[in-house]
Amino acid sequence: MREKIAIGTAAAAAALLANNLYQMFMVLPDEALQGAIYRILFFHAPAALVGMIGYFVALTFSILYLSSKNFLHDSLAASVVEVSLVFSVVNLVTGSIWARVIWGIWWTWDARLTSALVCVLIFFGYLVMRRAIEEPTQRARLSSALCIFGCVDVVIVYKSIDWFRTQHPGPVLDFRTGGGKMDPAMAHIFWLNFLAILLVAVALVLVRTRQESTAREIDSLRRLAHTAA
Amino acid sequence: MKTIRHALLIARKDLALELRTKESLNAAGAFAIVILVLFSFAFEETEQIKEIGGGLLWLVFAFAGALIFNRSFARELPNDCLDTLLASPLSPASLVTGKALANFVMLLAMELISIVIFGIFFNVNWTRHIGELSLVFALGTWGISILGAVFGALTVNLRLRELMLPIIIYPLLVPLLIAAIELTKLLLSNQSMTPNDFLWTKLLIVFDVVFTALAMLLADTILVN
Amino acid sequence: MTSAIELAGVWKFYGDYAAVRDVTLNVEEGSCCALLGRNGAGKTTLLRILAGLSSFERGSAQLFGVSPRQAHAGFLGHGIGVYEDLSARENLHFFARVAEVAQPESIAAEWLERVGLANASDMLVRQFSRGMRQRLALARTFLHTPKILLLDEPFTSLDDRAIAMLSELLVESRRRGATIILSTHQLREAMVIASHVALIENGRLRHAGERTEAMLDDPGLLYRLHA
Amino acid sequence: MDARNFTFMFYGFLAAWLIVMLYVIVLARRGARLKKELDAVKKIASHPEQHADRR
């Protein structure tokens with residue numbers, strides 16, 4: 001059943017992506033100032049959003065784990081962090097390529113770039129720490145605590161943006177500017193593509209969560225064999 | 001009240017042990033001095049050093065801090081002292097606070113040595129804004145210390161403990177280090193603070209308060225398995 | 001008789017593996033319960049739960065009506081629980097203060113005398129012999145006259161003098177009404193001290209009850225009954 | 001617009017999907033490894049006496 005949902009989600013994501021790509025290249029014109037490259041935005045920004053949402057979903061699951069001690073919550077938190085990290089890396093790489101064309105540099109220590117990078121480093125540390133702990137209960141407990149610290153830190157980092165001079169383009173989405181800067185046709189594709197990437201992420205999380213349960217089963221069988229022998 | 005009394009007890013015990021063995025102070029102090037000497041070869045002009053001095057100092061503090069924090073809970077491992085403490089009336093929150101206090105004192109001592117050496121090697125007069133500078137150092141050092149204590153506790157039973165601690169705390173410390181570096185740079189270059197710079201002080205305070213509260217809240221989760 | 005220790009349906013998991021399974025156990029105030037079972041059966045885990053060192057996923061555990069973390073039992077685990085780089089006196093001072101006894105200095109001095117370390121009280125533990133360390137550990141465990149004592153394999157690796165001292169301390173503790181739980185391999189010693197016995201196998205409680213005369217004569221009886 | 005701009009856009013898309021594909025491959029390999037491990041450990045758990053010495 002779980003696999004069918006994952007496959008279904010992936011199929012829906014693929015169909016939506018095909019449609020979006022067609023729209024992006026065949027229907028939408030080049031942007032006046034940036035030319036063709038602006039299309040990277042359709043992946044760059046949704047990847048950032050999906051990553052950011054993911055970290056806070058993981059925070060929710062971490063808190064849920066601590067109150068319920070249900071391992072499914074821990075598995076979900078770990079899976080969501082891992083998948084979010086993939087999309088955060090997509091975000092950084094696509095952003096870097098865009099910056100090479102528009103700014104002429106691959107990287108700059110701008111506040112938003114810095115905070116995105118810090119986010120990646122924090123949750124990379126989360127995954128590294130998970131690998132270093134073998135006992136599942138201890139791992140779940142400690143990584144939940146780390147996830148809470150990490151998310152609070154992300155909020156603080158993000159807040160300090162306003163105090164740091166910034167080079168990054170300002171917000172272009174409706175909900176942040178309170179009335180669009182973006183062309184409605186573009187905004188439409190943008191949100192469709194956000195949905196597509198979100199579906200890809202959900203499918204990946206489902207697969208990853210299943211693997212976590214398998215790993216836990218292996219661990220408990222090992223312990224059983226250990227005590228029986 | 002009880003938490004504070006117990007925290008002071010732990011801090012005093014840790015400092016007494018440290019003064020006797022000098023395990024982490026020697027390592028951290030030697031590290032700080034070596035880095036400062038190496039940097040004095042790399043940079044010569046005094047104007048340049050005022051720009052990067054803040055960054056240099058805080059990176060030295062953060063790196064030397066990791067050496068101190070690694071020992072912080074590891075000190076409790078021989079003879080299962082950590083178990084004994086946790087089975088006693090002492091609360092995990094007071095244990096973490098006590099460790100943070102001990103870290104704070106050790107790191108501050110190390111910072112004092114570092115800045116004196118920094119002043120001599122780079123010919124920088126750092127005493128002109130000593131009041132503000134002390135405030136910045138205290139606020140920044142507390143933030144580093146409390147995170148060092150929390151993650152010292154979190155990593156104490158892990159494989160590769162010494163490696164894991166820096167991987168986890170440095171990214172978390174970024175906002176604190178940015179603020180502390182900006183303020184230190186300002187104070188070393190002999191400018192007075194503008195309202196805009198108070199934002200950095202505010203950031204330091206917010207960081208300290210938020211993470212101290214979080215540490216108290218999660219101490220049980222981290223220490224009682 | 002009131003219950004000093006009440007465990008009801010306690011489960012402790014390591015991942016999906018249950019180390020303690022549905023343990024329900026009442027220990028009466030003033031009794032001495034010997035916890036028996038093979039290596040890895042869950043004795044240590046159970047004692048750690050009672051000492052407030054381990055959390056558990058299901059069930060409830062109460063010591064005199066409060067949670068293990070608030071009960072402050074005297075706990076002696078596998079390690080001696082004292083600092084190598086503090087002197088015997090400093091160690092006892094510190095733990096007396098942590099345990100919030102009324103006069104830490106005099107209590108510490110009294111216990112140093114009692115375990116025969118008065119002459120070595122200013123020596124660092126690092127310089128102690130094994131027997132001296134063990135006696136210091138005993139002083140550390142008993143110095144706040146706890147109402148509940150949790151001892152994990154206390155007789156293993158103790159030398160003769162320390163064993164004699166421990167037995168004396170246990171008898172005295174019971175006389176003042178303390179409740180004792182100790183896990184052990186040494187069946188014969190356990191049967192002599194214990195008033196009750198509990199047998200754990202694969203995390204499950206297989207037997208709990210009074211120590212009978214038959215067990216005293218034949219310490220292996222319980223194991224054979226549940227084989 | 002100019003071809004260079006378009007090339008970089010192509011690289012951007014390529015990089016994005018390459019990263020995701022790479023993750024999918026990692027995921028698939030880990031899945032296969034876990035499955036193999038599960039089968040092996042199941043065998044041991046059902047006949048502990050035969051494997052007692054192999055721990």
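Scope of the values below: all heavy atoms of this structure, side chains included, with no hydrogens, waters or symmetry mates. Sequence lines set the chain letters: A, B, ... in the order given, protein chains first and strands last, and positions in each chain run from 1. All values derive from a computational prediction rather than experimental measurement.
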| chain A: which of B:I222, B:V150, B:V174 shares the most heavy-atom pairs with it under 4.5 Å? | B:I222
| Quick check: are there more than 12 heavy atoms from other residues, nucleotides or ligands sitting under 6.0 Å from CZ of A:F56? | yes
| remark: All heavy atoms of B:I168 vs all of A:M129, minimum pair found to be CD1-SD, 3.6 Å
| remark: Closest non-hydrogen atoms of B:M164 and A:V128, given as atom of the first, atom of the second and distance, are SD-CG1, 3.6 Å
| Among A:G150, A:G125, A:A132, which has the most heavy-atom pairs under 4.5 Å with chain B? | A:A132
| query | Is it the side chain or the backbone of A:L66 that comes within 4.5 Å of chain B heavy atoms, both, or neither? | reply | side chain
| query | Contact part of A:F149 toward chain B, heavy-atom cut-off under 4.5 Å: side chain, backbone, both or neither? | reply | both
| field | Region of B:L218 in contact with chain A, defined by heavy-atom distances below 4.5 Å | value | side chain
| said: Does atom CZ (A:R210) have a neighbourhood of more than 12 heavy atoms from anything else shown, all under 6.0 Å? | reply: no
| field | Minimal non-hydrogen separation, B:P175 against A:I156, with atom names | value | CB-CG2, 4.0 Å
| query | Would a distance-only check, ignoring hydrogens and angles, find a side-chain to backbone donor-acceptor pair under 3.5 Å from B:R159 to A:E134? | reply | no
| message | Given heavy-atom pairs under 4.5 angstrom as the criterion, report whether the side chain, backbone, both or neither of B:F151 touches chain A. | response | side chain
| query | Considering only heavy atoms, which portion of B:L147 lies under 4.5 Å from any heavy atom of chain A: side chain, backbone, both, or neither? | reply | side chain
| Relative to chain B, which segment of A:R131 carries a heavy atom at a distance below 4.5 Å: side chain, backbone, both, or neither? | backbone
| request: Could you have a look at B:L163, B:L160, B:L158, B:V206 and say which one has the most heavy-atom pairs with chain A under 4.5 angstrom? | output: B:L158
| So which of B:L214, B:L217, B:V210, B:L173 has the largest heavy-atom pair count under 4.5 angstrom toward chain A? | B:L214
